[in-house]
Amino acid sequence: MTSSPRESVLAALAAGILGEAYDPAVPGRMLEILHRTPGRRDREQLLAVLRALDTRAGALALAGRPAPLSGLAPAEAEAVMRGWAGSRLVPRRRLAAVIGPLALLAAYGWPGPARDATGYPGPLGPAPDVPRRLAPLRPAGDEELACDVVVVGSGAGGGVAAAGLARAGLDVVVLEKGGYRAERDFTHQEGDAYRDLYLYGTTLTTEDLGCRILAGSTLGGGTVVNYSTSFVTPPAVLAEWASISGVEAFVNGEVEAALEAVADRVGVTEAQSRPGARDRLLERGLERLGWHAGPLPRNVRGCPQDAGCGWCGFGCRTGAKQSTLVTYLEEAAAAEARLVVGADARRVLADGGRAAGVEARTDGGHRLVVRARAVVAAAGAIETPALLLRSGLGGQVGHHLRLHPGTATMGVFDEPVRWWEGTLQARYSVRLRDLVGPDGPIFETVPVHPGTAAVALPWRSAADHLDLMKRLANLSLVGVLCRDTGDGGRVLLDRDGSPRVRWRLSPADEARMHAGVVTAAQVLAAAGASEVFTLQHRRPTYRPGDKEALRDWLRTVRRTGFGPGRATLFSYHQMGSCRIGSNPATSAVDPDHQTHELPGLYVADASLFPTASGVNPMLSVMALAHRAANVMAARLG
Ligand SMILES: Cc1cc2nc3c(=O)[nH]c(=O)nc-3n(C[C@H](O)[C@H](O)[C@H](O)COP(=O)(O)OP(=O)(O)OC[C@H]3O[C@@H](n4cnc5c(N)ncnc54)[C@H](O)[C@@H]3O)c2cc1C
């Protein structure tokens with residue numbers, strides 16, 4: 001039973017998108033997911049459109065049908081979706097780009113007929129019955145706290161900064177807008193994990209919907225959900241950062257020493273990278289071609305590296321992944337730091353021209369004021385600039401946002417791969433850097449569960465998508481992780497104070513992505529794939545061995561490109577939106593991590609990067625936060 005006109009419209013469209021995978025629970029879930037999107041204006045607009053689609057006039061204007069959409073048969077709804085997806089009109093294409101993924105995630109992210117048909121086993125048993133080791137605060141009413149330093153965010157940057165400051169004897173309060181979930185809480189139910197552990201429940205995208213942006217949002221931030229790949233910043237990138245920012249620390253050994261310190265603390269090793277099936281295929285293809293394949297360094301201690309590891313993107317149940325939750329935040333708490341969860345920092349408070357604390361809204365709707373001698377913004381490269389902009393800062397805040405736009409080339413294999421399982425990431429290749437230079441993409445694999453798979457795999461029709469989903473266990477991928485060398489990305493504020501992300505793939509990066517995708521196809525073919533396709537919306541496909549099909553495929557891949565409406569990209573790495581540097585005309589934060597505009601307000605997260613790190617960024621973030629804590633402790637101690 002559906003309960004509102006909007007839900008009825010969503011139900012009709014979902015039936016068209018999903019075909020026989022439709023489940024009556026889907027429309028309600030779609031609405032629930034929709035409510036997690038940032039930006040009240042976008043949300044309200046979409047809700048208004050859904051209402052309009054249930055009127056004759058609205059349906060005629062937007063879908064070319066003079067009858068409310070809720071009455072459509074599945075085949076008619078499917079035709080509407082196909083019409084929207086291929087429309088020349090941007091608003092219609094946007095409808096397809098929003099509603100399609102909502103239905104697919106709602107159907108495949110939870111147990112039900114759709115997911116059951118994929119061969120996915122769901123979570124591997126219950127979470128372990130082990131005690132939680134932290135006891136964060138969750139204010140039950142309006143509250144005011146006082147401390148030396150308030151740190152906003154508890155991820156790679158915030159966790160490290162909080163521990164460093166607390167160890168130096170400073171009184172620290174950490175505000176985290178996510179909740180506290182530890183090993184015993186990691187249910188590994190995909191849809192629930194996105195809701196509970198990810199920023200905006202994974203609904204954040206660039207304004208043009210061309211790239212989906214994923215980040216952690218829980219105590220421990222991205223380090224709880226990430227894939228444990230732990231690269232140090234490449235020396236060439238450090239040199240680039242020094243020359244752009246004028247910050248000597250990048251090349252005088254200081255940042256290198258910080259990288260060593262954090263890598264040591266989080267147990268970075270190449271000795272716990274046993275490849276699962278998808279990484280074995282990546283390695284097999286690369287080796288057969290004689291191309292580079294290396295073991296990934298990972299921040300784990302006692303990692304089982306077995307099938308169960310693929311669920312660690314929803315939290316590591318064994319505690320092997322050395323997230324800040326099980327390292328730096330424990331240290332911070334042991335040094336008397338107070339951790340507050342469910343506390344969304346809305347504004348940095350100023351007094352006499354200096355930062356004097358933070359005002360936050362708790363998830364119970366209360367006002368929390370934390371007065372402090374200094375503030376550290378470490379809310380990640382999307383939320384830190386949003387916080388600073390809400391607090392009245394301007395200048396370069398929000399500019400220079402870089403992503404690592406990612407896509408993948410897909411292979412269908414005769415043997416089951418179960419690309420959701422196995423060590424999170426175990427192998428990589430820099431083959432592309434030999435081919436297209438130092439900014440070339442890296443090849444890595446990622447664990448993919450049915451909800452994400454359903455959204456990532458192009459939807460051409462209900463039957464086509466369903467057929468792919470039924471073959472899910474036999475798919476594998478070569479991920480193509482691109483370094484963003486464009487400089488046009490920007491975080492802006494919506495009217496309600498939430499972030500809007502303006503970003504586009506630059507032509508040079510699109511060319512490198514294209515090279516990555518076609519080279520990845522060679523790897524999959526060499527590994528034995530019987531079919532190869534891209535995640536471009538038309539899903540160009542060929543069978544290795546068929547030379548003519550390959551030529552057509554190459555032509556279509558090139559012609560289609562990777563711009564918005566042509567392919568959906570994913571970003572797991574956001575960087576650079578409050579750049580560090582000596583020149584206020586080109587940076588937001590001074591060489592000592594303090595904002596140019598407001599003394600006492602520091603930044604210690606991925607926002608600081610002068611450009612994209614070009615490798616998975618966690619260790620680089622941790623190293624900069626380590627340095628920020630040292631600088632601040634020397635000043636405030
Ligand atoms: C699925 C996934 C896999 C990844 N895999 C890897 C990998 O294998 N290797 C790697 O190097 N990198 C990986 N990354 C990226 C890496 O995790 C991030 O680059 C890193 O965590 C960024 O650190 P940060 O401190 O800038 O932000 P985060 O770690 O994202 O922390 C920011 C925290 O601030 C909180 N916050 C935001 N706004 C507010 C507010 N207003 N008030 C209070 N709190 C707030 C957030 O909830 C979050 O917990 C991955 C990311 C994802 C999402």
Side-chain angles (χ1 to χ4, degrees), residues 38 150-162 174-180 193-194 197-200 202 204 212-233 266 268 296-300 312-314 321 323-325 329 340-348 358-363 368 376-388 390-391 403-404 406 424-425 428 444 446-448 452 481 497-499 570-578 603-609 612-613 615-622 624-625:
V150 55
V151 179
V152 178
S154 62
V160 173
V174 177
L175 299 182
E176 167 54 53
K177 90 164 163 174
Y180 172 40
Y194 294 148
L197 303 174
Y198 282 70
L199 192 65
Y200 300 111
T202 73
L204 184 66
R212 301 182 79 83
I213 297 175
L214 301 184
S217 186
T218 182
L219 194 63
T223 68
V224 171
V225 298
N226 79 16
Y227 299 154
S228 70
T229 290
S230 302
F231 284 116
V232 293
T233 330
V266 298
V268 175
L296 279 173
R298 306 177 59 229
N299 64 325
V300 289
C312 283
F314 313 141
K321 181 166 38 174
S323 66
T324 56
L325 193 60
L329 291 170
V340 186
V341 293
D344 181 358
R346 302 309 299 165
R347 199 160 64 91
V348 176
V358 168
E359 182 183 322
R361 195 169 57 206
T362 71
D363 53 10
L368 170 65
V376 177
I382 304 298
E383 295 292 335
T384 282
L387 171 66
L388 270 48
R390 285 197 297 272
S391 308
L403 310 178
H404 277 158
L424 285 164
Q425 300 188 306
Y428 77 109
E444 292 173 5
V446 287
V448 184
T452 293
L481 185 70
S498 54
F570 287 80
S571 164
Y572 295 84
H573 308 153
Q574 296 69 244
M575 302 153 282
S577 49
C578 294
V603 175
D605 64 14
S607 320
L608 290 166
F609 292 10
S613 53
V615 294
N616 311 52
M618 175 184 65
L619 273 195
S620 308
V621 178
M622 288 181 155
L624 293 188

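Quick caveat, the model's predicted, so the values are computed rather than measured. Both ligands and their constituent atoms are indexed starting at 1 by order of listing.
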Please could you name the atoms of ligand 1 that Val621 approaches to less than 4.0 Å, counting only its heavy atoms? 23 (O), 25 (O)
Within a strict 4.5 Å, meaning less than it, do heavy atoms of the Glu383 and Asp605 side chains meet? no
Closest candidate by heavy atom, reference atom 39 (C) of ligand 1, pool Ala379, Ala161, Ser577, Ser571: Ala379
Is there any N or O on Gly157 that sits under 3.5 Å from an N or O of ligand 1? yes
Protein residue, atom and distance nearest to atom 5 (N) of ligand 1, heavy-atom basis: Tyr227 N, 3.0 Å
Return the minimal non-hydrogen interatomic distance between Ala381 and Ala606, and the atom names on each side. CB-C, 4.2 Å
Close side-chain approach of Tyr194 and Thr452, heavy atoms under 4.5 Å: yes
closest protein heavy atom to atom 31 (O) of ligand 1 is Gly155 CA, 3.5 Å
Between Lys321 and Cys312 the two heavy atoms that sit nearest each other are NZ-O, 3.0 Å
Give yes or no for whether the N/O distance cutoff of 3.5 Å, strictly under, is met between Lys177 and ligand 1. yes
Side chain or backbone of Ser228 under 4.0 Å from ligand 1, or both, or neither, by non-hydrogen atoms? backbone
To the nearest 0.1 Å, how far is atom 42 (N) of ligand 1 from its closest protein heavy atom, and which atom is that? Ala345 N, 2.8 Å
Hey, is Glu359 close enough to Arg347 for a salt bridge, meaning N to O under 4.0 Å? yes
Just let me know how His573 lines up against ligand 1, side chain, backbone, both or neither, with a heavy-atom cut-off below 4.0 Å. side chain
pair Thr324-Ser154: side-chain heavy atoms closer than 4.5 Å: no
How far does CG of Leu387 sit from CG of Asp344, to the nearest 0.5 angstrom? 9.0 Å
Per-atom contacts of ligand 1 with Leu214, taking only distances under 4.0 Å to non-hydrogen atoms: 53 (C)
For ligand 1, which is the ligand I care about here, please tell me if Pro617 has any N or O atom under 3.5 Å from one of the ligand's N or O atoms. yes
Write out the residue and atom name of the closest protein heavy atom to atom 46 (C) of ligand 1, then the distance separating them to 0.1 Å. Glu176 OE2, 3.5 Å
Can you confirm whether Thr223 sits close enough to Val266 that some side-chain heavy atom of one is under 4.5 Å from a side-chain heavy atom of the other? no
Non-hydrogen side-chain atoms of Ser607 and Pro385 separated by less than 4.5 Å: yes
Between Asp344 and ligand 1, which residue portion shows a heavy-atom distance shorter than 4.0 Å: side chain, backbone, both, or neither? both
Ligand 1 atoms in contact with Gly380 (distance to a heavy atom under 4.0 Å): 26 (O), 27 (O), 32 (C)
Numbered atoms and elements of ligand 1 in range of Gly216, under 4.0 angstrom, heavy atoms: 30 (O), 46 (C), 48 (C), 49 (O)
Using protein heavy atoms only, decide if any is under 4.0 Å from atom 18 (C) of ligand 1. no
Are Arg298 and Gln425 close enough, and set up right, to give a side chain to side chain contact (heavy atoms under 4.5 Å, CB included), and what steps lead you there? CA-CA 8 Å; Arg298 306 177 59 229; Gln425 300 188 306; 5.8 Å; no
Taking only non-hydrogen atoms of Ala378, do any sit less than 4.0 angstrom from ligand 1? yes
Proximity of Ala625 to ligand 1 by residue part, where a heavy atom lies under 4.0 Å: neither
In the protein, which heavy atom is nearest to atom 1 (C) of ligand 1, and how far is it? Tyr572 CD2, 3.5 Å
Provide, to 0.1 Å, the distance between atom 23 (O) of ligand 1 and the closest protein heavy atom, together with that atom's residue and name. Ala156 CB, 3.4 Å
Give the residue, atom name and distance (to 0.1 Å) of the protein heavy atom nearest atom 30 (O) of ligand 1. Gly222 N, 3.7 Å
Do you know the tightest heavy-atom contact between Leu219 and Leu329? CG-CD1, 4.0 Å
Between Gly220 and ligand 1, does any nitrogen or oxygen pair lie at a separation below 3.5 Å? no
Straight-line distance of Leu204 CG to Leu214 CG, nearest 0.5 Å: 8.5 Å
Which atoms of ligand 1 are found less than 4.0 Å from any heavy atom of Ser217? 46 (C), 47 (O), 49 (O)
Please report whether ligand 1 has a polar contact with Ala381, defined as an N or O pair separated by less than 3.5 Å (distance criterion only). no
So do Leu388 and Val603 actually touch side chain to side chain, heavy atoms under 4.5 Å? yes
Name the residue from Val268, Leu624, Thr229, Asn299 that meets the side chain to side chain contact (heavy atoms under 4.5 Å, CB included) definition with Leu619. Val268
Has ligand 1 got any nitrogen or oxygen that is less than 3.5 angstrom from a nitrogen or oxygen of Asn226? yes
Provide, to 0.1 Å, the distance between atom 38 (N) of ligand 1 and the closest protein heavy atom, together with that atom's residue and name. Glu383 CB, 3.3 Å
Would you check the N or O atoms of Ser607, main chain and side chain alike, for any that come under 3.5 Å of an N or O of ligand 1? no
Thr218 and ligand 1 - part of the residue with a heavy-atom distance under 4.0 Å: backbone
Non-hydrogen atom of Tyr198 closer than 4.0 Å to ligand 1: yes
Is there a side-chain contact between Tyr180 and Leu325 in this structure, where contact means two heavy atoms from C-beta onward sitting under 4.5 Å apart? yes
Using a 4.0 Å cutoff against the non-hydrogen atoms of Met618, which atoms of ligand 1 qualify? 10 (C), 11 (O), 12 (N)
Kindly identify the option in Val160, Thr229, Val224, Ile382 whose heavy atom sits closest to atom 7 (C) of ligand 1. Thr229
So do Ser217 and Glu176 actually touch side chain to side chain, heavy atoms under 4.5 Å? yes
Which distance, rounded to the nearest 0.5 Å, do you find between the OG of Ser613 and the CZ of Phe231? 10.5 Å
Below 4.0 Å, non-hydrogen atoms only: which portion of Met575 touches ligand 1? Side chain, backbone, both or neither. neither
Residue Leu175 vicinity, atoms of ligand 1 by number, heavy atom under 4.0 Å: 43 (C), 44 (N)
Reference residue Lys177; test side chain to side chain contact (heavy atoms under 4.5 Å, CB included); the match among Asp363, Leu199, Thr218, Val341: Leu199
Rounded to the nearest 0.5 Å, what separation is found between the NE2 atom of His573 and the CG atom of Asn226? 7.5 Å
Counting each atom of ligand 1 from 1 as listed, which ones have a heavy atom of Ala606 under 4.0 Å away? 26 (O)
